[in-house]
Amino acid sequence: RNIFYLEVLCQISVFSALALGLNIVVGFAGLLDLCYVAFYAVGAYLWAFFGSQQPYLLQAIPGTTPPGTPFFLPANMFYLFIILGLGLGALTGILLGLPVLRLRGDYLAIVTLGFGEVIRVLANNLDKPQNLTNGPQGITPIQRPDLPAWLLDSVRVVVNPIVGHRVTEAEFYNLFFYVAALVVILVVVVVARRLDDSKIGRAWTAIREDEVAAIAMGVPLVRMKLAAFACGASFAGAMGVLFAASRTFVSPESFSFMQSIGVLSMVILGGIGSIPGVIVGAAVVTILNLQVLQGLSLFLSQLRQSDAVIPIINFAWKDLSNQLDPAKYQRMLFGIILVVMMIYRPAGLIPAARRKRELAKESAEIDDPANGQVDHGAA
């Protein structure tokens with residue numbers, strides 16, 4: 001059970017980093033990006049390809065691994081590939097940004113949605129004529145970095161009394177990737193805060209509020225949009241490398257469009273433009289997914305296997321349909337949550353200070369329609 005809780009914490013950390021990166025694009029620059037998971041996939045497949053036997057299998061039949069096939073690179077190249085994932089993610093973000101610079105609003109969202117599907121379909125079909133991604137079967141095994149024995153022994157001295165048993169290597173790797181994700185989050189938070197308070201951040205705010213006015217004030221629209229795409233995508237690329245190493249397996253199904261929607265819902269739920277709010281939103285959505293809904297489904301499954309009966313209506317739990325499992329309705333639940341949030345708390349759980357002021361001003365204008373209007377007759 002300790003492993004499960006650590007896995008939940010690791011998932012929260014990964015999605016918090018992804019949501020923070022998307023918050024730069026959506027929250028700071030106001031660019032609706034529906035392909036964010038594509039940058040995550042680029043980083044994951046980067047390490048999945050070079051950190052496995054895949055380069056040796058380009059001419060092999062997809063899904064076959066000859067005995068004794070070595071890994072292409074040493075395991076500790078993982079640390080270098082986190083930096084390379086940053087760079088490749090940023091480059092991919094720029095390549096996406098270049099053709100969509102003239103688009104805004106719904107048109108931008110549709111184009112980014114298509115770009116995300118292109119990346120997923122490429123990963124699904126690049127197993128022929130050259131086997132680059134191993135198609136829908138995915139790439140496995142993927143190397144994890146080597147961890148020195150003295151470090152494992154040191155951690156066991158501290159952790160063993162807490163968990164009550166000897167920490168295994170698998171548990172230690174879970175802890176390692178959790179700490180690595182926390183380090184990435186810390187870097188993203190520092191960078192995001194510095195950007196938000198910088199000249200670049202103010203330029204993004206101007207673009208988000210009114211592109212025409214921003215251009216009139218001398219904001220370099222092309223460069224600022226490309227910078228937003230590159231910054232947000234770079235963090236997703238780094239987390240993709242971390243994801244591939246922690247799971248030792250990647251496949252196109254891990255990077256579906258619904259994953260992008262899930263990350264976007266974390267940003268909206270927590271508060272667009274709010275750094276602490278985005279982290280809280282990622283935690284809430286992840287806990288709902290992995291803890292609450294899965295726990296309810298497991299509880300209902302246990303009731304179905306028993307002879308329990310609801311006394312008032314005399315209904316046997318074993319007759320309850322499997323179609324009513326809460327885990328099957330997570331998207332509907334998130335949709336309801338987002339609708340309720342937009343009605344009663346549109347700024348999110350922890351709203352950004354600027355967004356809070358904007359909503360307060362709009363509310364004041366609605367309450368007092370004459371507020372802020374010019375008396376043209378007196379003028």
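These numbers come from the heavy atoms of this one structure, side chains and all, not from hydrogens, waters or symmetry mates.
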Novice: Under 3.5 Å, is there a donor-acceptor pair between the side chain of E253 and the main chain of G138?
Specialist: no
Novice: Side chains of R193 and I275: closer than 4.5 Å at any heavy-atom pair?
Specialist: yes
Novice: Between N23 and G273, is there a donor-acceptor pair closer than 3.5 Å when you use the side chain of the first and the backbone of the second?
Specialist: yes
Novice: Keeping Y36 on the side-chain end and Q259 on the backbone end, is there a donor-acceptor pair under 3.5 Å?
Specialist: no
Novice: For F81, enumerate each residue passing the ring-ring contact (aromatic ring centres under 6.0 Å, His included) test, keeping only those at least two apart in sequence or located in another chain.
Specialist: W47, F50
Novice: Is it true that R202 and E209 have a side-chain N and a carboxylate O under 4.0 angstrom from each other?
Specialist: no
Novice: When you compare the side chain of C10 with that of N174, does any pair of heavy atoms fall below 4.5 Å?
Specialist: no
Novice: Sequence neighbours excluded and cut-off under 3.5 Å, please list the side-chain donor-acceptor pairs for residues 212-228, or say none.
Specialist:
from, atom 1, to, atom 2, distance (Å)
K225, NZ, L101, O, 3.1
K225, NZ, E211, OE2, 3.1

Novice: Which residues pass the side-chain hydrogen bond (donor to acceptor under 3.5 Å, both in side chains) test with R144, not counting sequence neighbours?
Specialist: none
Novice: Do side-chain atoms of T248 reach the backbone of A244 as a donor and acceptor pair under 3.5 angstrom?
Specialist: no
Novice: Where the side chain of S254 meets the backbone of V250, is there a donor-acceptor pair that is under 3.5 Å apart?
Specialist: no
Novice: If only atom types and distance count, is the side chain of N134 paired as donor or acceptor with the main-chain N or O of Q54 below 3.5 Å?
Specialist: no
Novice: Please identify each residue that fulfils ring-ring contact (aromatic ring centres under 6.0 Å, His included) with F255, with sequence neighbours left out.
Specialist: Y40, F243
Novice: With a 3.5 Å distance limit and no angle check, can you tell me whether R208 reaches the backbone of L31 through a side-chain donor-acceptor pair?
Specialist: no
Novice: For the pair S260 (side chain) and V37 (backbone), establish whether a donor and an acceptor sit closer than 3.5 Å, ignoring hydrogens and angles.
Specialist: yes
Novice: Side chains of L147 and Y173: closer than 4.5 Å at any heavy-atom pair?
Specialist: yes
Novice: Pick from V284, I350, L20: which one makes a side-chain contact (heavy atoms from CB on, under 4.5 Å) with I279?
Specialist: L20
Novice: Side chains of residues 176-187: which donor-acceptor partners sit under 3.5 Å, not counting sequence neighbours?
Specialist:
none

Novice: Are the side chain of Q143 and the backbone N or O of L73 linked by a donor-acceptor pair below 3.5 Å?
Specialist: yes
Novice: Indicate the atoms forming the closest heavy-atom contact of G97 with F229, along with that distance.
Specialist: CA-CD1, 3.8 Å
Novice: Check whether any side-chain N or O of S274 sits under 3.5 Å from a backbone N or O of G271 as a donor-acceptor pair, and report yes or no.
Specialist: no
Novice: Donor-acceptor pairs are to be reported for all side-chain atoms of residues 106-126 against protein atoms at under 3.5 Å, with residues two or more places apart or in another chain.
Specialist:
from, atom 1, to, atom 2, distance (Å)
T112, OG1, L34, N, 3.1
T112, OG1, L108, O, 3.1
T112, OG1, A109, O, 2.8
E117, OE1, R120, NE, 3.4
E117, OE1, R120, NH2, 2.9
N125, ND2, V121, O, 2.8

Novice: Quick one: which of I337, V278, L338 gives a side-chain contact (heavy atoms from CB on, under 4.5 Å) with I268?
Specialist: L338
